[in-house]
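We count ligands from 1, going down the list as the structure has it; atoms in each ligand are counted the same way. The shown structure was predicted, so the numbers you read here are calculated from the model rather than taken from an experiment.
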Amino acid sequence: MSNKVQKAVIPAAGLGTRFLPVTKSMPKEMLPIIDKPVIHYVVEEAVDSGIEDILLITGRGKRAIEDYFDDAPELRMHLERHGKSQQLDALKEIARFGGIHFVRQREPKGLGDAVLCAEKHCGDDPFAVLLGDDIMKDSTPCTQQLIDIFEKTGSSVIAVQKVPREHLNRYGIVKGKECGENLLLLDDIVEKPRPEAAPSSFGSIGRYVFTPALFSCLKHTTKGAGGEIQLTDAIRLLMKKEDVYAYLYQGKRFDTGDKLGYIETIIDFALEDETMRDSLNAFLKKSVRR
Ligand code: UTP
């Protein structure tokens, strides 16, 4: 096994039922955060963490994701002919995400099953996993922070954040011992527990670095919560074989797969854009008074 993380797996094959009916004909990962789709920011995080080899797990009805990362020669030539340099730069930004591969999950049988689709691609190498509907914002990319821990420990590491009690039943909740700044050595993880059964208030937030030993654990994982192959259950098996750490990520995290989370993401991004900030602030102030 190499000790460098050079591969990333981005599962984006889920049905996105919380966003029906729009997700009937469009992937939730393509929902726009103003003018870029959610998946753009996820791929960008992997690339900004030094990863050049990215595998996207897609499925039926997810073609728009492949098209987005492909070249668009007619559009490019049209923009060149009309001297639209700003728009051309926007296309070039996508082109810098070279090296994207795609594989299809035949059926959305759960996140664990989606990650298992990456086994052949990753082989005996460590790899990062970035969920296709979570956006992270920090001065150092979240995945880069996890890679730094992997390179020190040689062990798998998952990002966690403190979760409000009423949301504990939406996350994989970890249990472990503090073993450094913002670091826990794990001894358990439970998928979507009832608040009274949760082993802590730290929930897994969609960024991971794994050793390849995860794949054999995924193969031994049977259907769990919701009748799906859960990544959380495979992580619990992995803990029995090797050390697994949780890293308390301090940056911002946006869950765009949730309606409220999606709206919060757009507002946050718009408030950072100086061409919109003042007008949006004024609009928000007016709306809050209603
Ligand atoms: P979610 O549970 O948030 O996605 O999975 P979902 O099932 O599409 O959403 P809802 O609950 O029906 O609205 C987290 C990530 O895992 C991927 C999703 O695409 C998302 O990026 N996923 C989930 C898969 O790739 N395959 C699956 O079978 C399930």
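Below 3.5 Å of separation, one finds an N or O of Lys28 facing an N or O of ligand 1. The N/O atoms of Ala13, backbone and side chain alike, include one that comes under 3.5 Å of an N/O atom in ligand 1. For ligand 1, one of its N or O atoms has an N or O atom of Leu15 under 3.5 Å away.
Glu29 counts as a contact of ligand 1, since one of its heavy atoms falls under 4.0 Å from the ligand. For the pair Gly16 and ligand 1, a heavy-atom separation below 4.0 Å is found. At a 4.0 Å cut-off, not a single heavy atom of Asp113 sits close enough to ligand 1 to count as contact. Using 4.0 Å as the threshold, Asp133 has a heavy atom nearer than that to some atom of ligand 1. Ligand 1 does not have Glu107 within reach: every non-hydrogen atom of the residue lies 4.0 Å or more from it.
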Decide side-chain hydrogen bond (donor to acceptor under 3.5 Å, both in side chains) for Asp138 and Gln145; before the verdict, give the C-alpha distance in whole Å, the side-chain angles of both, and the deciding distance to 0.1 Å.
-> CA-CA 10 Å; Asp138 205 353; Gln145 297 178 40; 3.0 Å; yes
Applying ring pair (Phe, Tyr, Trp, His ring centres under 6.0 Å), run through Phe215 and Phe210 and close with a yes or a no.
-> CA-CA 9 Å; Phe215 291 120; Phe210 290 117; 8.6 Å; no
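At a heavy-atom distance under 4.0 Å, atoms from both the backbone and the side chain of Leu111 approach ligand 1. Contact annotation for Ala114 and ligand 1: only side-chain heavy atoms (C-beta onward) come within less than 4.0 Å of the ligand.
The environment of NZ in Lys137 is crowded: more than 12 heavy-atom neighbours from other residues, nucleotides or ligands sit within 6.0 Å.
Between the side chains of Thr211 and Glu242, at least one donor N or O lies within less than 3.5 Å of an accepting N or O. Side chains of Ser200 and Lys162: a donor-acceptor N/O pair is absent below 3.5 angstrom, by distance only.
For atom 22 (N) of ligand 1, the nearest protein heavy atom lies closer than 4.0 Å.
Salt-bridge annotation for Glu93 and Lys36: present, with a side-chain N of the basic residue lying under 4.0 Å from a carboxylate O of the acidic one.
Ranking protein heavy atoms by distance to atom 12 (O) of ligand 1, first place goes to Thr17 OG1, 2.5 Å.
Under the 3.5 Å distance criterion, the side-chain polar atoms of Arg165 are left unmatched by any main-chain donor or acceptor of Ser201.
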